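Below, chain A is the first sequence line, B the second, and so on; all start at residue 1. All values reported here derive from a predicted model rather than from experimental measurement.
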Number of protein chains: 2
Amino acid sequence: MNVTIYDVAREANVSMATVSRVVNGNPNVKPATRKKVHEAIERLGYRPNAVARGLASKKTTTVGVIIPDISSIFFAELARGIEDIATMYNYNIILSNSDQNKDKELHLINTMLGKQVDGLIFMGGDITEEHTEEFRRASVPVTLAATLDESEETPSVNIDYGDAAYEATEHLLSTSKRVAYVSGPDNTSINTKKLEGYKRALKDYNQGVDDELLVLGDYSYDSGLEAAEQIIALEERPGGVFVASDEMALGVIHGFQDKGISVPEDIEVIGFDNTRLATMIRPTLSTIVQPMYDIGAVSMRLLTKLMNKEQAEDTNVILPHRIIERNSTNQKK
Amino acid sequence: MNVTIYDVAREANVSMATVSRVVNGNPNVKPATRKKVHEAIERLGYRPNAVARGLASKKTTTVGVIIPDISSIFFAELARGIEDIATMYNYNIILSNSDQNKDKELHLINTMLGKQVDGLIFMGGDITEEHTEEFRRASVPVTLAATLDESEETPSVNIDYGDAAYEATEHLLSTSKRVAYVSGPDNTSINTKKLEGYKRALKDYNQGVDDELLVLGDYSYDSGLEAAEQIIALEERPGGVFVASDEMALGVIHGFQDKGISVPEDIEVIGFDNTRLATMIRPTLSTIVQPMYDIGAVSMRLLTKLMNKEQAEDTNVILPHRIIERNSTNQKK
DNA sequence: GTGAAAGCGCTAACAT
DNA sequence: ATGTTAGCGCTTTCAC
């Protein structure tokens with residue numbers, strides 16, 4: 001059997017309460033006894049049982065993290081931000097992939113709450129009323145990372161996707177009047193926001209929305225390749241393309257290059273996210289900087305505040321974004 | 001307060017033992033009572049407390065996963081394989097980054113064992129005697145994923161890195177007598193194996209090892225860029241370069257291209273891993289296929305067997321690898 | 001400063 | 001088929 005607090009108590013000739021005190025750093029212990037206890041712990045190789053502790057204290061020092069796909073370069077970066085801050089505050093993380101599948105998401109929320117996590121970080125596509133209801137039932141705090149909740153009921157950390165898309169489009173519009181948009185899957189609010197930003201920019205620059213300039217993708221490299229083909233097939237080729245993710249933008253650029261079209265000479269391309277991929281292509285990719293690591297880190301930090309019942313003034317955080325010009329767009333003025 | 005099994009028992013007019021039985025799917029319950037209990041559970045919104053269950057049953061249905069860096073494309077893919085199989089067998093995962101830092105690794109092993117994980121999957125650089133000792137102390141099974149343990153004491157899942165490197169080198173040697181090798185950090189056994197394979201191939205093809213053809217990298221894109229510069233600076237340029245990771249290989253290729261050197265016309269490049277990056281570059285990257293997802297999946301599957309005390313015949317699994325020819329090498333014969 | 005004792009919410013014999 | 005009763009290993013009052 002494993003060594004328990006009781007064994008340590010006997011070995012050190014004290015009560016288990018005292019052992020508990022020294023293990024938990026309670027100052028109300030005479031240095032001499034503390035020493036005795038530490039020695040006994042060492043001798044026996046005692047390792048506190050966190051499960052028992054969790055049951056007694058109603059705190060597990062672990063938080064649940066629900067993520068669409070950890071093998072995506074975008075989410076992996078977010079997860080790293082979350083984990084680093086979690087470690088800093090002495091939490092561990094239970095990580096599960098949802099594939100943005102609503103049933104899976106709801107199921108994961110439940111098993112994690114069953115495991116008595118002290119809090120939950122959720123990343124996903126859309127937050128439905130069902131999600132919100134589960135969160136309300138939770139009795140532990142929840143924060144959303146890079147995930148929109150229209151109701152703003154659940155604390156969240158994001159950038160302003162609409163403004164970001166606006167700026168990307170605007171950047172392209174300064175060179176060419178025809179700007180295409182390669183979107184992500186069309187059923188998430190983040191994509192809706194990006195599309196709105198794109199359209200708003202067109203409008204402000206007196207351009208109508210041309211449906212044939214709207215290409216539907218799924219964030220993947222291959223869908224970028226396909227998008228490029230669609231754009232090439234157009235009667236009148238646009239002068240710039242705004243692509244909703246970096247990975248897809250790489251596909252778009254290669255799709256053009258494979259057909260002998262040069263970026264940015266023949267057509268400009270701008271991406272979104274600024275993942276590491278953006279510098280791993282020639283020409284290097286101009287893109288919108290979305291601070292993924294920070295979004296993860298801030299959402300975890302926010303969660304710690306919520307878990308400690310600290311006053312968190314702003315629970316719907318908008319982090320800054322910016323545009324970074326590299327070589328897939330022409331130098332502006 | 002939260003709803004407990006006791007509340008459900010009262011609501012359904014049965015004992016808590018019966019509730020426990022229906023929750024755990026024990027067949028020894030009359031259908032009628034089962035129904036009553038389910039209704040009570042529904043009415044009260046009861047959700048079993050996994051922590052209490054874990055304490056009583058000494059099983060947590062969670063396994064620990066120690067990974068160098070989840071934001072690395074390579075490890076993220078491995079982690080996805082682990083998590084998918086874990087889900088399949090109803091386990092959850094506690095995930096932590098070690099940055100290959102030995103102190104962190106040892107510390108993580110301890111906190112995870114403290115949390116009473118039912119098993120542990122470890123990924124890292126080198127397995128030292130200290131690691132092995134912790135694993136022995138663990139009282140739960142441990143498996144290594146894409147991680148070598150010279151002693152073969154700990155169950156593991158890998159490919160044959162030496163043979164893989166041999167084949168990559170051999171492939172290049174069929175075109176050119178001078179083949180460079182860009183390695184990863186030189187202090188891990190996987191890199192030692194790769195280097196040995198490279199040297200063995202040179203020897204078999206009657207080539208001496210030329211130290212100036214050995215370039216030290218760190219698996220990163222930037223170190224690939226630097227490696228390319230070093231190779232360009234050589235008196236006599238090699239005809240092929242074997243690079244120890246795909247990401248670094250992209251760097252090498254771009255480093256060459258930035259200086260007007262064409263791949264594969266002027267110099268051939270072959271990578272290692274076959275991450276998604278391999279097709280996200282022009283020319284597409286010839287590389288060694290290391291089945292990362294499968295390594296994760298198999299190591300998790302192996303762990304489930306070990307946790308169930310099933311007979312696992314082979315506990316040091318070697319998965320097959322192969323070479324995939326794309327456009328960064330010339331078509332052979 | 002230290003100890004005794006009562007839970008935390010469940011599982012797992014053991015009865016019936 | 002169902003109920004009773006010990007724990008599981010800890011934290012946390014409450015005494016002393």
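For B/A50, the side chain to side chain contact (heavy atoms under 4.5 Å, CB included) partners two or more places apart in sequence, or in a different chain, are A/K115. With sequence neighbours excluded, no residue forms a side chain to side chain donor-acceptor pair (under 3.5 Å) with B/Y6. With sequence neighbours excluded, no residue forms a ring-ring contact (aromatic ring centres under 6.0 Å, His included) with B/Y161. The side chain to side chain donor-acceptor pair (under 3.5 Å) search around A/R136 returns A/E129, A/E153, not counting sequence neighbours.
Residue order along DNA chain D, read from the 5' end via each residue's closest nucleotide, puts B/N13 first among A/A52 and B/N13.
When each of D/dT4, C/dC10, D/dC10 is scored by its nearest atom to the side-chain atoms of B/S15, the top-ranked nucleotide is D/dT4. Comparing atom distances between the B/V29 side chain and each of D/dT2, D/dC10, C/dG9 picks out D/dT2 as nearest. Distances from the side chain of A/K30 to the nucleotides D/dG3, C/dG1, C/dG3 place C/dG1 closest. Among D/dC8, C/dT2, D/dG3, the nucleotide with an atom closest to any side-chain atom of B/T18 is D/dG3. For B/Y46, taking side-chain heavy atoms from C-beta onward, the closest of the listed nucleotides C/dC10, D/dC8, D/dT11 is C/dC10.
Atom P of nucleotide D/dG7 and atom CD1 of A/I5 are separated by 19 Å, given to the nearest angstrom. Separating the CG atom of A/D7 from the P atom of D/dC10 is a distance of 9 Å, rounded to the nearest angstrom. At whole-Å resolution of the value, CG in B/N24 and P in C/dT11 are 5 Å apart. Distance, B/N26 CG to D/dA1 P: 9 Å, rounded to whole Å.
Overall bending of the helix from C/dG1-D/dC16 to C/dT16-D/dA1, expressed as the angle between end axes built from five pairs apiece, is 30° (10° steps).
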Could you walk me through whether B/F122 and B/F135 pass ring pair (Phe, Tyr, Trp, His ring centres under 6.0 Å), step by step? CA-CA 10 Å; B/F122 185 92; B/F135 294 155; 5.7 Å; yes
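Listed pair B/K58 / D/dG9 meets the phosphate criterion, a side-chain N or O lying under 4.0 Å from OP1 or OP2. Side-chain N/O atoms of B/N49 include none lying less than 4.0 angstrom from OP1 or OP2 on C/dC10. Phosphate contact (OP1/OP2 of D/dT2, side-chain N/O of B/T33, threshold under 4.0 Å): present.
Electrostatic pairing of A/E133 and A/R137 does not count as a salt bridge here, judged by no charged N lying under 4.0 Å from a carboxylate O. A salt bridge is defined here as a Lys NZ or Arg NE, NH1 or NH2 lying under 4.0 Å from an Asp or Glu carboxylate O, and B/D7 with B/R43 fails to meet this definition. Contact check on B/D294 versus B/R301 returns no salt bridge, with no Lys/Arg side-chain nitrogen under 4.0 Å from an Asp/Glu carboxylate oxygen.
Within the 4.0 angstrom heavy-atom criterion, no nucleotide atom of any strand lies near B/V23. Among the heavy atoms of the strands, none lies under 4.0 Å from A/V51.
Contact detail for A/N316 and A/S156: the closest heavy-atom pair is ND2-OG, 2.7 Å.
Tested against A/R21 for a side-chain contact (heavy atoms from CB on, under 4.5 Å), the candidates A/V37, A/T33, A/N26 yield a single pass: A/N26.
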Filtered N/O pairs between nucleotides 12-14 of chain C and protein, under 3.5 Å:
none

